[in-house]
Number of protein chains: 4
Amino acid sequence: MPSPLRVTVWNENVHERANPLVAKIYPNGIHGCIADALKNDKQLDVRTATLEQPGHGLTEKVLDETDVLMWWGHAAHGKVEEAIVDRAIKRIWEGMGFIALHSAHYSKIFKRLMGTSCSLTWREAGEKERLWVCNPGHPIARGIDRYFEIENTEMYGEPFAVPTPDETIFLSWFEGGDVFRSGCTWKRGNGKIFYFAPGHEIYPIYFNPTVQLVLRNAVHWAAPDGTRWIDSCPQIPADKAAEPLEIKGPRMHKEGEEGFR
Amino acid sequence: MPSPLRVTVWNENVHERANPLVAKIYPNGIHGCIADALKNDKQLDVRTATLEQPGHGLTEKVLDETDVLMWWGHAAHGKVEEAIVDRAIKRIWEGMGFIALHSAHYSKIFKRLMGTSCSLTWREAGEKERLWVCNPGHPIARGIDRYFEIENTEMYGEPFAVPTPDETIFLSWFEGGDVFRSGCTWKRGNGKIFYFAPGHEIYPIYFNPTVQLVLRNAVHWAAPDGTRWIDSCPQIPADKAAEPLEIKGPRMHKEGEEGFR
Amino acid sequence: MPSPLRVTVWNENVHERANPLVAKIYPNGIHGCIADALKNDKQLDVRTATLEQPGHGLTEKVLDETDVLMWWGHAAHGKVEEAIVDRAIKRIWEGMGFIALHSAHYSKIFKRLMGTSCSLTWREAGEKERLWVCNPGHPIARGIDRYFEIENTEMYGEPFAVPTPDETIFLSWFEGGDVFRSGCTWKRGNGKIFYFAPGHEIYPIYFNPTVQLVLRNAVHWAAPDGTRWIDSCPQIPADKAAEPLEIKGPRMHKEGEEGFR
Amino acid sequence: MPSPLRVTVWNENVHERANPLVAKIYPNGIHGCIADALKNDKQLDVRTATLEQPGHGLTEKVLDETDVLMWWGHAAHGKVEEAIVDRAIKRIWEGMGFIALHSAHYSKIFKRLMGTSCSLTWREAGEKERLWVCNPGHPIARGIDRYFEIENTEMYGEPFAVPTPDETIFLSWFEGGDVFRSGCTWKRGNGKIFYFAPGHEIYPIYFNPTVQLVLRNAVHWAAPDGTRWIDSCPQIPADKAAEPLEIKGPRMHKEGEEGFR
């Protein structure tokens, strides 16, 4: 387990500058609020990055030094450059943890990791949400009772078009009668992925102490626990085969050649 | 279960025209050989499509009338248009089966469904491959004994960088000492996906009767069994909520508005 | 797909005889009510079996002729003989579908298939339950809108201690504020398993038309689709190996001997 | 992560006393050899337990103080008492890691965790086995190259009748032409489970340095990472419901009563 654990909190940082209500709730941005919450954990080394920075703040160096990447996006999914998405996904395959927050269900990076549409239903009425813990022994639920509540939330509801999660950590109950798999995990390559639904920009959800606890727990859970490895799809020459081997047939590729990608 | 089951065999059809050895083995193309093998099954209604056709032969109409899509590609992955990939993936999410053959592990469509690099190791030596059945009761293995062999094959070996398969149907043993998960299934949306490794263009593998049996079995297994459904991520207005609900908070979106994508 | 599809509805049939309220709701037993609901589907060949019959009504012959077994139990889990559980589980591994209803979460057979405690929380207050469809395209949800409701139900709530389901088909919302994964699938051997939570004995839940529709859908989904296969853990003699092989080391077992179980 | 990590190596310890060849290879028992290998890791606190000890050496206290349990059994599976199996499984559900070795595929405890027959094919010819790493970045494969070899092994081959593993870490190639999923993981409750196939008693396999490395890696991987939690299936009284709730229907159970198990 890396120590300290290096976390980068990424935010598109759009609503905070365009909408006075959001600006008032999050004067330092959603990323600023989350970073503060994480800094309460002395094992974490926290930085932030935003869309308008060069390379969206996610240079090769930054990603190389990131153990867990947290992602908040909504209005500007389409403005995230493909090259940066590629770069971040490569690091996830190598083992960097990835935590997708709220409307990041529709981010390019999350959709590409899932391979599904990631659609859901939604309603913005400031209703109450109650998040139930599906497994009280799971590290992401550490310190949380049977459930916790968010007084005013945007409803995200089923059907949630994702591949079957490896684990469902939270299920949400909504005042308006809906339900949602609001905390789910997957793995892609060596990267652990956690999707956590709460976080609508117009309510002060990231100031909720239990939401903050979940984020800290999730960072520890998503930390890399293996060695960095990334595919290269190498050709193994016949004379390097594990068993003695003669070339018997015609060939398309020359020795040492790379395959088509 | 649709009856007859409508299958479209897609092939980039490049090597067959560029390489005399391949042309000699597959005078009607790999797609032609596979289509003939499928036509032995009278429950199947088989057509083919290739890269050089308008829309790569995969128009809205063709895909709309396809229950299972089979895909062979290698040298021309990069020439497949994104819009066609989007179109095919949308149909897979709706329930169309998808069978990726051999070097299609690196096709745009397969990589986007998996969310991983899909890399593997490989060697072209004409060596022997033996495919073991991991579950003799599985419909894809119907009619196959404990194993079957391919005399001359290209080796595809581990590590195979895919998400954990829902089921591993075949594991391959290679003369040169390698192993591979050569028959695997996943689901994305309502589409059933089967990856089947054999099929190097320079050996007559698709004439192998057991390989042909696997393809026919796989088509039946991958057939849609639900109703067509595709996400639309709808806003559910507060007055349409399942429970009586008053709007309590400020809002970002107007009633009836679409969300950001 | 077998045709007709042979279904056996098993019920412990205890409350119906001991409790006048239950007897009044289900004069022909819960199994009788469910069997009637299935018989509306002319593709199904339906029979029932109950605890008090010889071999609990599940003789070798009955199980051999059963494609899908449905199970209702509650007060008498402990009275089900281990030998009958073994017999039924062997058939599930061979491919017989298994549908566990309501309190069958604690049946011997379901717990042995899951390998977990299968515990949950519960409350008996006649409250309202709303079951949301997590995937409207899934065959088990065919013909069902976004959700359906049960006016009076027993609450079954999270945490539900089962292995991660292969698919979550229904999620329940409860008037009292709880949630539950109320429709889930798994596979063990070749047997498809569906757990469906509604069905408390003291409310007329199995008369609900949508509940009946789910049961019919589930039977079709759970039907065997492969060939019957069951393990035998055979010793493969060295001279029957796929590759030429000389015996090189000392041995514990004689040729032809069976292994330890 | 507990520190130090407390490991209990359990062995039936039968062959070592009954068979002079095994006794010569493992004068301190298979458990003794494995314990020595683990003790090279100073983060581990290692003890052993065997069948013939009171409670098979697995008293409540021992299990309570065990973070990871390793299990070797073969000839005496039937002699392991059900009560001890229940006790160990309860601890696994609470989060204790479990590592099943070689012929423990047929142990009571492993079969109950899997819910399948756990059968496989086998051959005792002292042939060569090559274990391929399916994911070089996985913590269980840390420090291992693309593959490692065991000169003389018992062949365990497909079909291996287990539920789909969460991850396949190793795939084995055998000289005699077979293949096997020889390193697999699952989760039951909060317990992480690893099955590792090598370890036939009549070859000195547990002295192989790479096998020892896998065992040390696996212990770290299987360590508990959450809080202890075990089901109790509690009744939640209506007046303790999360939402205000009136009792509306007739009831089977009294307030405070326990459910049927």
Side-chain angles (χ1 to χ4, degrees), chain B residues 114 116-123 127-138 140-142 144-151 155-187 197 242-245, chain D residues 114 116-123 127-138 140-142 144-151 155-187 197 242-245:
Chain B
M114 294 295 107
T116 57
S117 75
C118 301
S119 70
L120 42 77
T121 61
W122 57 284
R123 178 175 58 235
E127 69 200 273
K128 179 162 69 176
E129 175 177 8
R130 178 180 300 110
L131 292 99
W132 287 89
V133 175
C134 293
N135 175 356
H138 196 279
I140 296 180
R142 190 189 298 270
I144 301 174
D145 207 348
R146 297 178 61 225
Y147 62 79
F148 70 99
E149 297 181 349
I150 296 172
E151 265 316 296
M155 186 280 289
Y156 270 18
E158 296 289 336
F160 186 21
V162 285
T164 296
D166 292 348
E167 299 190 279
T168 301
I169 313 297
F170 299 111
L171 283 185
S172 283
W173 179 102
F174 290 93
E175 191 180 346
D178 299 71
V179 293
F180 193 59
R181 287 171 287 174
S182 47
C184 297
T185 74
W186 298 265
K187 200 171 175 188
E243 295 289 315
L245 191 63
Chain D
M114 294 294 106
T116 58
S117 75
C118 302
S119 69
L120 42 77
T121 61
W122 57 282
R123 179 176 55 234
E127 70 200 272
K128 179 162 69 177
E129 175 175 8
R130 178 180 300 109
L131 292 99
W132 288 87
V133 175
C134 292
N135 174 357
H138 196 281
I140 296 182
R142 191 189 297 269
I144 302 175
D145 207 347
R146 296 180 60 227
Y147 61 79
F148 70 99
E149 296 180 349
I150 296 172
E151 265 317 294
M155 185 280 288
Y156 271 17
E158 295 288 337
F160 186 20
V162 286
T164 296
D166 291 350
E167 299 191 279
T168 300
I169 313 297
F170 300 110
L171 283 184
S172 284
W173 178 101
F174 291 93
E175 191 181 345
D178 300 72
V179 293
F180 193 59
R181 287 170 286 174
S182 47
C184 298
T185 73
W186 298 264
K187 200 171 176 189
E243 296 289 315
L245 192 63

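Each chain gets a letter, A, B and so on, in the order its sequence line appears, and its residues count up from 1. Hydrogens, waters and symmetry mates play no part in the numbers below; they use all other heavy atoms, side chains included.
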What pairs with D:Phe160 under ring-ring contact (aromatic ring centres under 6.0 Å, His included), at least two apart in sequence or on another chain?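 Partners of D:Phe160 under the ring-ring contact (aromatic ring centres under 6.0 Å, His included) test: D:Phe180, D:Tyr195.
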Donor-acceptor contact present, side-chain D:Trp132 to main-chain B:Gly177, <3.5 Å: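 Yes; at least one donor-acceptor contact below 3.5 Å.
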What pair of heavy atoms forms the shortest contact from [X] to [Y], and how long is it?
X: B:Val179; Y: D:Ser172; value: CG1-O, 3.8 Å
X: D:Cys134; Y: B:Pro159; value: O-CB, 3.2 Å
X: D:Arg146; Y: B:Glu158; value: NH2-O, 4.4 Å

Please look at B:Phe174 and chain D and tell me whether the side chain, the backbone, both or neither of the residue comes under 4.5 angstrom of a heavy atom of that chain.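 Contact with chain D is through the backbone of B:Phe174 alone.
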Check whether B:Asp166 gets within reach of chain D through its side chain, its backbone, both or neither, counting any heavy atom under 4.5 Å.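 For B:Asp166, the contact with chain D is made by the backbone alone.
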Sequence neighbours left out, what passes side chain to side chain contact (heavy atoms under 4.5 Å, CB included) with B:Pro165? Give chain and number order.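 With neighbours one apart ignored, the set is B:Thr168, B:Arg181, B:Cys184, B:Trp186.
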Heavy-atom pairs under 4.5 Å with chain B are the metric here; pick the option from D:Asn135, D:Thr164, D:Thr121 that has the most.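 With the most close heavy-atom pairs to chain B, the winner is D:Thr164.
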